[in-house]
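Keep in mind it's a predicted model, so treat the numbers as computed, not measured. Starting from 1, each residue takes its place in the sequence as its number. Heavy atoms only: backbone and side chains are in, while hydrogens, waters and symmetry mates are out.
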Amino acid sequence: MRIGFIGLGNMGAPMARNLAQAGHEVMGFDVADVTVEDVTIAPDFKTVVSGQDVVITMLPNGAILKDVAGQILPHMAKGALLLDCSTVDVESAASVAADAEALGVMAVDAPVSGGIGGADQGTLTFMAGGSDAGFARAQPLFEIMGQKSVHCGKSGAGQAAKICNNMILGITMIGTCEAFALADKLGLDRQKMFDVVSTSSGASWSINTYCPAPGVGPISPADHGYAPGFAAELMVKDLGLAQDAAITADADTPLGAAAAELYRQFVEDEDGLGQDFSAMLPRFEKRSRSS
Ligand code: NAD
């Protein structure tokens with residue numbers, strides 16, 4: 001396929017490289033000065049999208065996605081696919097899809113899980129929203145960039161799945177960190193705590209696969225001084241999107257709201273910026289009930 005790829009950052013660059021190395025003809029564009037192995041860099045939006053079968057976007061947020069979509073959609077071929085893999089709000093995803101479809105361009109929102117390592121190794125999970133035809137066009141590309149894709153429903157459904165998943169992740173990580181900090185104060189050995197919880201009803205991905213306690217469980221960012229991994233500020237973004245969606249949908253999400261506020265505080269007022277989101281454990285370790 002002829003592919004245009006816009007947004008060649010931490011995630012986009014390795015995803016574009018994997019597509020090119022699998023034999024697709026990939027042209028890329030980014031507002032920053034970047035180079036990506038086997039990807040031709042275009043001078044502007046018009047060049048990167050003209051005549052392409054698929055245009056992929058991997059951008060920071062919904063406002064930037066809407067701005068970029070406004071600039072590229074008029075130059076995209078009718079019947080081409082706009083595949084947005086960024087994590088954005090459900091409303092922006094649905095509105096970009098409606099604008100695309102009005103111009104005869106198919107649109108699929110397909111945010112990812114798996115982080116920079118997954119992007120590099122081609123093992124991402126894609127959660128997609130859009131038509132059956134759009135999903136079918138995107139599927140061979142998902143197979144190169146990832147190991148699993150789920151068609152979640154209509155436009156915006158991929159973003160809905162992503163923010164619900166990450167709301168659970170933020171909540172379970174905080175719960176796991178709180179529990180480790182309590183266990184410390186009760187004199188419980190961390191390895192014993194892991195051995196029990198990881199095989200009991202307190203188990204979750206947060207403890208079993210991404211244990212926030214250094215030297216316990218599988219290797220995780222905790223074993224590398226909490227270098228991300230998945231940065232706490234990205235969790236703030238995703239929990240914020242979940243809260244925005246909950247307000248719009250009038251859903252009661254008290255734990256999601258508490259997790260969003262704790263991560264915001266951690267990043268803005270404490271030393272969380274640039275640390276992995278599992279660094280909530282040293283945060284709780286240092287605290288008492290009154291501080
Ligand atoms: P990043 O900041 O490294 O990359 C974003 C890229 O977009 C940058 O290179 C930037 O220059 C470019 N850009 C910004 N505005 C642009 C514009 N108007 N036109 C063209 N290019 C523009 O971010 P990232 O870590 O690659 O994340 C990208 C998306 O993937 C985000 O929505 C993020 O939430 C999501 N995501 C990230 C991770 C992760 O672990 N990093 C995991 C899952 C999902």
query = Taking Met27 as the fixed residue, which of Thr47, Val39, Ile3 is the one that meets the side chain to side chain contact (heavy atoms under 4.5 Å, CB included) rule?
reply = Thr47
ask   = Gln191 side chain to Val216 main-chain N or O, any donor-acceptor pair under 3.5 Å?
value = no
ask   = Excluding sequence neighbours, so at least two apart, what forms salt bridge (charged side-chain N to carboxylate O under 4.0 Å, His left out) with Lys286?
value = Asp271
task = Applying ring pair (Phe, Tyr, Trp, His ring centres under 6.0 Å), run through Phe142 and Phe135 and close with a yes or a no.
result = CA-CA 10 Å; Phe142 293 151; Phe135 183 75; 5.8 Å; yes
remark   = Test side chain to side chain contact (heavy atoms under 4.5 Å, CB included), reference Asp238, set Phe230, Phe277, Tyr263, output is Phe230
key: side-chain contact (heavy atoms from CB on, under 4.5 Å) between Val90 and Ile163, intermediate numbers included   = CA-CA 9 Å; Val90 179; Ile163 58 177; 4.1 Å; yes
request  = State the CG-CE distance between Leu141 and Met1, to the nearest 0.5 angstrom.
outcome  = 4.5 Å
Ion pair check, Lys154 and Glu101, cut-off under 4.0 Å = no
query = Does some side-chain heavy atom of Leu188 sit less than 4.5 Å from a side-chain heavy atom of Val196?
reply = no
query = Are Leu8 and Met11 linked, directly or through other ILVMFWY residues, by side chains that come within less than 4.5 angstrom of each other?
reply = yes
ask   = Do Leu255 and Ile174 have side-chain heavy atoms sitting under 4.5 Å apart?
value = no
Contact summary for Gln52 and Ala80, nearest pair of heavy atoms = O-CB, 3.5 Å
query = To the nearest 0.5 Å, what is the distance between CD1 (Ile72) and CG (Asp44)?
reply = 12.5 Å
inquiry  = According to a hydrophobic-cluster definition based on side-chain heavy atoms being under 4.5 Å apart (Ile, Leu, Val, Met, Phe, Trp, Tyr only), do Val96 and Phe45 belong together?
reply    = yes
ask   = Taking C-beta and beyond as the side chain, do Arg283 and Cys177 meet within less than 4.5 Å on heavy atoms?
value = no
message = Has His75 got a side-chain atom pairing as donor or acceptor with Ser50's backbone, closer than 3.5 angstrom?
response = no
request  = With side-chain contact (heavy atoms from CB on, under 4.5 Å) as the test, would you mind laying out the steps for His151 and Asp132 before giving the verdict?
outcome  = CA-CA 8 Å; His151 189 187; Asp132 289 343; 3.2 Å; yes
inquiry  = Would you compute the distance between atom CG of Leu59 and atom CG of Asp84 and round it to the nearest 0.5 angstrom?
reply    = 7.0 Å
task = Using the side-chain contact (heavy atoms from CB on, under 4.5 Å) rule, take Met58 and Val112 through it: C-alpha gap first, then chi angles, then the decisive distance, then the call.
result = CA-CA 10 Å; Met58 194 53 172; Val112 304; 4.0 Å; yes
query = Side-chain contact, heavy-atom cut-off 4.5 Å: Lys162 with Asp109?
reply = no
message = To the nearest 0.5 Å, what is the distance between OG1 on Thr248 and CD on Gln243?
response = 10.5 Å
inquiry  = Within this structure, what is the CG-CH2 distance for the pair Leu169 and Trp205, rounded to the nearest 0.5 Å?
reply    = 6.0 Å
key: Check: His224 and Pro221 side chains under 4.5 Å, non-hydrogen atoms   = no
inquiry  = If we ignore hydrogens and angles and just use 3.5 Å, is the side chain of Asn208 paired with the main-chain N or O of Ser198 as donor and acceptor?
reply    = yes
ask   = Honestly curious: do Val88 and Leu82 fall in one hydrophobic cluster under the side-chain, below-4.5 Å linking rule?
value = yes
note = SG (Cys85) and CG (Leu124) are apart, to the nearest 0.5 Å, by 8.5 Å
key: Candidate pair Arg287 and Glu270, rule side-chain contact (heavy atoms from CB on, under 4.5 Å), full reasoning   = CA-CA 12 Å; Arg287 297 173 68 91; Glu270 299 166 4; 3.6 Å; yes
key: hydrophobic_cluster_shared for Leu281 and Met173, side chain cutoff 4.5 Å   = no
ask   = Which heavy atom in Ala246 sits nearest to a heavy atom in Thr253, and how many Å separate them?
value = CB-OG1, 3.6 Å
Heavy-atom donor-acceptor pair, Asn18 side chain to Ala119 backbone, under 3.5 Å = yes
key: Nearest heavy-atom neighbours spanning Pro212 and Ser206   = CD-O, 3.6 Å
task = Determine, using the 4.5 Å side-chain heavy-atom cutoff (strictly less than), whether Ile144 and Phe5 are members of one ILVMFWY cluster.
result = yes
request  = Please name the pair of heavy atoms, one in Ala107 and one in Ala100, separated by the smallest distance, quoted to 0.1 Å.
outcome  = CB-CB, 3.9 Å
task = List in chain and number order the residues that pass side chain to side chain contact (heavy atoms under 4.5 Å, CB included) with Glu91, two or more places apart in sequence or in another chain; answer none if no residue qualifies.
result = Asp89
inquiry  = Please check if the number of heavy atoms outside Lys185 that lie under 6.0 Å from its NZ is greater than 12.
reply    = yes
query = So, the side chain of Arg264 versus the backbone of Gly240: is there a donor-acceptor pair under 3.5 Å, distance only?
reply = no
query = When you measure from the side chain of Asp276 to the backbone N and O of Ala227, does any donor-acceptor pair fall under 3.5 Å?
reply = no
ask   = For Gly134 and Val108, which heavy atoms make the closest approach, and how far apart are they?
value = C-CG2, 3.6 Å
task = Could you list the residues that satisfy side chain to side chain contact (heavy atoms under 4.5 Å, CB included) with Leu182, not counting sequence neighbours?
result = Leu186
Minimum heavy-atom distance Cys211-Phe194, with the two atoms named = SG-CD1, 4.0 Å
